[in-house]
Amino acid sequence: MTDAIALTIHARDGAARTGALLTPRGDIRTPAFMPVGTAATVKAMRPEDVRATGADIVLSNTYHLMLAPGAERIARLGGLHRFMNWPRPILTDSGGFQVMSLAKLRKINGNGVIFQSHIDGSRHELTPERSMEIQRLLGADIQMQMDECVKLPCPPEEAERAMRLSLRWAERSKAAFGDDQPGRALFGIVQGGVERTLRIESARALVGMDFHGYAIGGLAVGEPQADMLATIEAVIPHLPDTKPRYLMGVGTPDDLLQSLRRGVDMFDCVMPTRAGRHGMVFTRAGRLNLRNARFADDSRPVDPLSTSAMARDYSRAYFRHLVKAGEILAMMALTEINLAYYQDLMAGARSAIGEGRLDAYIEETRRGWAEGEA
Ligand SMILES: CC1(C)O[C@@H]2[C@@H](CO[C@@]3(CNc4nc5cc6c(=O)[nH]c(N)nc6cc5[nH]4)OC(C)(C)O[C@@H]23)O1
């Protein structure tokens with residue numbers, strides 16, 4: 001495949017690299033964090049505020065949008081970018097993972113997956129061909145192949161079965177994606193559980209099919225960080241150096257630093273948005289659970305060094321009050337603060353890689369969490 005969306009690498013520091021994915025809708029600075037906008041919205045955020053936190057790209061979900069409001073309806077209304085007023089790049093997940101983690105009565109057969117909607121119980125079938133059609137109707141800049149992600153821990157033979165099915169679905173996804181068009185990319189997804197040999201076989205087979213980028217799937221499903229990092233180390237050497245690597249569903253700030261250090265370029269995770277809605281914020285001094293009574297009289301800002309004014313100009317006591325009162329502003333503000341933290345963390349990593357001081361950056365960031373008087 002030609003590079004419909006090309007990765008340019010500006011600098012390296014060990015296995016880490018910093019650069020940009022150049023797309024017709026805007027450049028994606030890497031390492032990049034993609035806020036999750038599952039149902040055509042990054043929850044509690046206006047798109048202009050998502051952009052103001054530093055996001056270059058957002059993620060959305062085939063599974064949710066096919067159920068409501070429907071992919072054909074979004075296409076009739078001008079596509080997902082217009083629908084949600086996000087003119088920059090959008091990556092869409094392919095739906096198989098969400099079916100397995102959300103839908104009721106789902107059944108995988110060789111052709112695809114049959115399931116009942118978690119919204120109204122209606123029956124649906126999702127195949128690689130239909131997933132590609134939905135992502136095209138949405139207008140995604142980066143589409144994901146349809147795959148099967150096993151729940152961990154699982155027996156090696158189960159991981160092998162799902163890995164081989166995912167490879168068959170990779171072929172079908174690529175065939176259905178069609179010929180290269182500028183600005184439209186399709187990523188393959190490496191599976192294989194925690195089995196090193198299966199992971200390497202999956203990576204090599206996908207590279208042989210020639211995708212625009214490669215995701216590492218099957219992680220951030222409850223496995224220890226050490227298993228996740230070992231999987232990254234096993235897979236990365238078998239992926240092309242000049243194509244983007246995307247670690248799906250990851251993760252905590254420490255997960256991001258440890259993974260980008262090993263050569264990952266792109267991340268997505270619900271953690272900053274989900275935690276914000278529940279009163280937990282990420283700061284340079286570590287995490288704060290603002291429901292905690294210890295913040296009731298704390299007049300200090302959440303994080304004076306944040307790029308978010310909400311983190312600098314309001315007190316912890318105020319946000320604790322809002323959280324306890326169930327005020328809507330708490331969800332909005334703490335979501336923004338967390339997304340700004342994740343983007344600030346990525347921006348710091350990009351600069352550090354550019355200056356060859358990534359290990360020092362990681363060390364000083366982790367020290368801030370450990371020593372910070374959160
Ligand atoms: C980390 C955190 C906070 O993220 C939450 C919750 C549980 O983990 C998450 C995030 N982890 C996650 N791993 C993934 C793996 C794949 C994959 O192999 N294939 C495809 N197509 N999409 C994927 C999307 C993924 N998301 O998965 C759900 C269940 C969506 O909730 C998320 O813990």
Side-chain angles (χ1 to χ4, degrees), residues 33-39 42-43 58-66 91-103 106 108 112-113 115 118 126-128 130-132 134-135 140 142-152 154 158-159 161-167 169-170 172-173 186-195 198-199 202-203 206 211 213-225 227-228 231-232 235 245-256 258-259 264 266-278 280 282 287 335 338-339 342:
F33 179 76
M34 300 184 281
V36 173
T38 285
V42 177
K43 295 185 187 326
V58 300
L59 177 142
S60 209
N61 272 311
T62 290
Y63 170 75
H64 298 77
L65 295 175
M66 71 184 278
L91 180 149
T92 48
D93 200 354
S94 46
F97 179 85
Q98 288 75 28
V99 167
M100 299 311 286
S101 55
L102 290 169
R106 68 271 186 197
I108 285 191
V113 56
F115 63 94
H118 71 289
L126 190 61
T127 63
R130 177 60 178 153
S131 175
M132 292 302 110
I134 289 170
Q135 296 180 71
I142 301 176
Q143 298 183 207
M144 301 307 294
Q145 74 155 90
M146 187 163 157
D147 62 329
E148 184 193 352
C149 168
V150 290
K151 290 194 183 315
L152 291 179
C154 81
E158 173 64 5
R161 178 201 58 75
M163 184 273 275
R164 296 203 186 288
L165 177 62
S166 294
L167 286 179
W169 285 357
R172 289 171 53 189
S173 297
L186 175 63
F187 282 17
I189 304 177
V190 177
Q191 291 293 351
V194 290
E195 312 301 328
L198 291 177
R199 284 282 180 176
S202 175
L206 289 171
F211 285 90
Y214 299 89
I216 301 176
L219 295 173
V221 286
E223 78 284 351
Q225 188 193 65
D227 288 0
M228 179 183 80
T231 300
I232 295 167
V235 168
R245 298 95 174 247
Y246 162 29
L247 182 56
M248 305 188 85
V250 175
T252 66
D254 190 47
D255 290 340
L256 269 60
Q258 297 306 330
S259 302
V264 174
M266 299 165 70
F267 302 90
D268 86 275
C269 189
V270 296
M271 191 165 280
T273 40
R274 186 179 289 179
R277 295 197 303 277
H278 293 92
M280 205 270 280
F282 293 91
R287 303 178 189 192
T335 297
N338 285 349
L339 287 176
Y342 270 60

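Whatever order the structure lists them in is the order used to number ligands and atoms, beginning at 1.
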Item checked: Candidate list Met248, Met100, Gln191, Gln98, test side chain to side chain contact (heavy atoms under 4.5 Å, CB included), partner Cys149, passing option -> Gln191
Item checked: Val250/Val264 under side chain to side chain contact (heavy atoms under 4.5 Å, CB included): CA gap, chis, key distance, verdict -> CA-CA 11 Å; Val250 175; Val264 174; over 6 Å; no
Check: Once the angle between the rings of Tyr63 and Phe115 is folded into 0 to 90°, is it parallel (under 30°), tilted (30 to 60°) or perpendicular (over 60°)?
Finding: tilted
Item checked: Under 3.5 Å side-chain donor-acceptor pair for Thr335 and Asn338 -> no
Item checked: Tyr342: side-chain hydrogen bond (donor to acceptor under 3.5 Å, both in side chains) partners, not counting sequence neighbours -> none
Margin query: Residues around ligand 1, heavy atom under 4.0 Å from any ligand atom, sorted by chain and number. Can you pull those?
Written below: Asp93, Ser94, Phe97, Asp147, Cys149, Ile189, Gln191, Gly217, Gly218, Leu219, Ala220, Met248, Gly249, Cys269, Val270, Met271, Arg274
Item checked: Distance, nearest 0.5 Å, that separates OG of Ser131 from CD of Gln143 -> 7.5 Å
